[in-house]
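One structure is given below, encoded as structure tokens.
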Amino acid sequence: MSAYLEIRNLSAVVRGTGERLLRGVSIALEAGHVTGLVGESGAGKSMIGKAVLGILPTAVEVVEGEILLDGQDLLRMPPDRRRRLIGATAALIPQDPLTALNPSHRVGPQITDRLVDILGWSRADAEARAQALLDEVHIAEPARVMKSYPHELSGGMRQRILIAAAFAAEPRLIVADEPTTALDVTVQKQILRLIAEMQARHGTAMLFVTHDLGVVSKICQDLAVLYAGKVVEQAAMRDFFRAPAHPYSRALLAATPQYTDPTGSLRPVERDVLDTVEAEIAADDREWRNGQAGP
Amino acid sequence: MQFLRAILLRLATTAVTLFGAALIVFVVVRVVPGNPIAMMLPPNATEDDVARLRALYGLDKSIMEQFVIWLGGVVQGDFGTSISLRRPVAELVLGRLPATLELSILALILAVALGGAMALLGTRWRGRRTEAAVDVANGVGMSVPDFLWGLLLILLFGVLWPLFHISGRVSPQLDLPFSTNFYLFESLLRLRFDITADLLAHMFMPSVALALPLAAIIGQLLKQSLKETMGLDYVTLARTKGYGETRVILREALRNAVLPTLTLVGVQFTFLIGGTVIIERLFSYEGLGNMAIDAVINRDLPLIQGIVIVFAALFTAVNLVVDLTYAALNPRLRHA
Ligand SMILES: Nc1ncnc2c1ncn2[C@@H]1O[C@H](COP(=O)(O)OP(=O)(O)O)[C@@H](O)[C@H]1O
Ligand SMILES: [Mg+2]
């Protein structure tokens, strides 16, 4: 029960159609730990991150479950209180640095805004903090960069700024949603190293969303494997790479070449493995529908 | 350097536009039937009288000759003499321009305020009944033209509840201590709010009639643009920082959503200025548009030309202001 973030049996559907996007997801995240959230594109990784941060699209509705942040259920909290709690204790490192900064605002205010507007810091304190953070993410001339507009900076620079902004309020939880996917390959490694470095220094718990097991192995202590909105396995990193429990995890691991045969090419997940998972999901859905219809 | 070139280019295109407008109007008013001279003379005037007057106003020459003569005057600031009012066109037009400018700008302010409020309300409560109501209001606003709004307003606030003045620009019994014809502006500067109130009571109905269709267009376009912007990544990121819906709309979305609507609003504003012709007539407002109708009725060729040139200049000025505002609001352009 020492988990800082605990997602319990979280199910979400598309409003109107009732199509299930998250299927009884349970994930526990220790304070200061990094948990990888792995799965193919469309598996619902971002949906989980959005549910935690309270930014689900309006078309998506949570129908059951709990999201406990330090023991408090976010889903059973007045929206205003939840919003402020999340703003004060959690943060997002977004996927695409090109679209995640407001083109009309200078960079500085996009780092200090939360401190000044939500947490009530003085402008001078917030600016000093922003400068220190830009230093931490290895940006030269922080003062000049803070006065720039996003379009004047490269993608890598912008992602560094977004990382600085995420750590601004010394959050206890960060959701990083594929934070390197949109970057050049050469920049990806630097940014990944930077996130690991910042996380270690600040001791922030992190939910690290990725479709890449290679990335997970570099930064996470444990991971959850997601398929079609269902967590098929949650395990410590070490155990997972030694002996993945679920056939889908095994297939995923096998499909990531460098961990088995570095010369091999990316193999698709085999048909019979997919059939197994699909069958599990169908059974799960049947049970869920019965439970919904029953009482 | 680049800036200078842009300005020169702008001036050149403006000159060409104005020249084109002048040429077209010059030819058209001379080709359509109607004789300005006949309207000036008593019915028993002889052929000789007519011919003499025609020669006096230079109307016996070919159209191209007349145009060259007129243009020669214009470059020296002489726009000719009004046939019906027998005073210099420049003086007449510039005397009336402030009234029309004040009316148009008041209408624009009303339209932006009303349309902006509609867009913000519809965005804040999107997907709810409020948005549906905003959509209906915008639909009605757009489908009823300004002069019909004018008639409706006359019915409401002129006849049923006579709260405002139906006609004129200012009550004739008022003593105006003004040195320009920008009455509204000057009354504010001189702190003569009694006169301001009287002017506004006259301008209320015509400006609202002009403003409503534009307000509806602004409301619709801006709401659409806001809703699209609200789905963008930086807006979502701002939500995770703890901002509430209203602050997210105003801080993150509004400024970016205004940009794509600005150009269209500029175009629509030139339509609004065009609309003053009918609306000023309807409310007997002593502006340029009202004068334009008299000029056409009297076939007052020099006056028509002068008014058209001023309207054309006004349109290009509006476009210039729109472009400058766009650049000022868009950091990408500001630094380019
Ligand atoms: N606004 C939305 N309305 C309905 N379904 C959505 C919406 N956004 C995403 N989805 C669906 O939810 C599923 C999970 O999406 P997502 O969490 O973004 O996947 P990923 O694992 O790639 O991050 C996908 O099947 C996607 O089609
Ligand atoms: Mg995703």
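A side chain to side chain contact (heavy atoms under 4.5 Å, CB included) with Leu237(B) is found for one member of Ile93(A), Leu92(A), Leu53(A), Leu101(A) and no other, namely Leu92(A).
Residues Thr99(A) and Leu232(B) form no side-chain contact, since every pair of their non-hydrogen atoms from C-beta on lies 4.5 Å or further apart. For the pair Arg83(A) and Arg239(B), the minimum side-chain heavy-atom distance is 4.5 Å or more.
For residues 99-133 of chain B, heavy-atom neighbours of chain A at less than 4.5 Å comprise no residues at all.
Shown here is Phe204(B), whose CZ atom has more than 12 heavy atoms of other residues, nucleotides or ligands within 6.0 Å. Within a 6.0 Å radius of CZ in Arg15(A), more than 12 heavy atoms belonging to other residues, nucleotides or ligands are found. Within a 6.0 Å sphere centred on CZ of Arg81(A), other residues, nucleotides and ligands contribute 12 heavy atoms or fewer.
Ionic pairing of Arg251(B) and Asp117(A) is present here: one or more N-O contacts between side-chain nitrogen and carboxylate oxygen are shorter than 4.0 angstrom.
Taking CG of Asp113(A) as the start and CD of Glu252(B) as the end, the distance is 6.5 Å to the nearest 0.5 Å. Put simply, CG on Leu115(A) and NZ on Lys241(B) are 9.5 Å apart, with the number rounded to the nearest 0.5 Å. Rounded to the nearest 0.5 Å, atoms CG (Asp233(B)) and CG (Leu162(A)) are 10.0 Å apart.
The choice from Asn102(A), Ile55(A), Ile118(A) that makes the most heavy-atom pairs within less than 4.5 Å of chain B is Asn102(A).
Closest of all the heavy-atom pairs between Tyr234(B) and Ala100(A) is CB-O, 3.4 Å.
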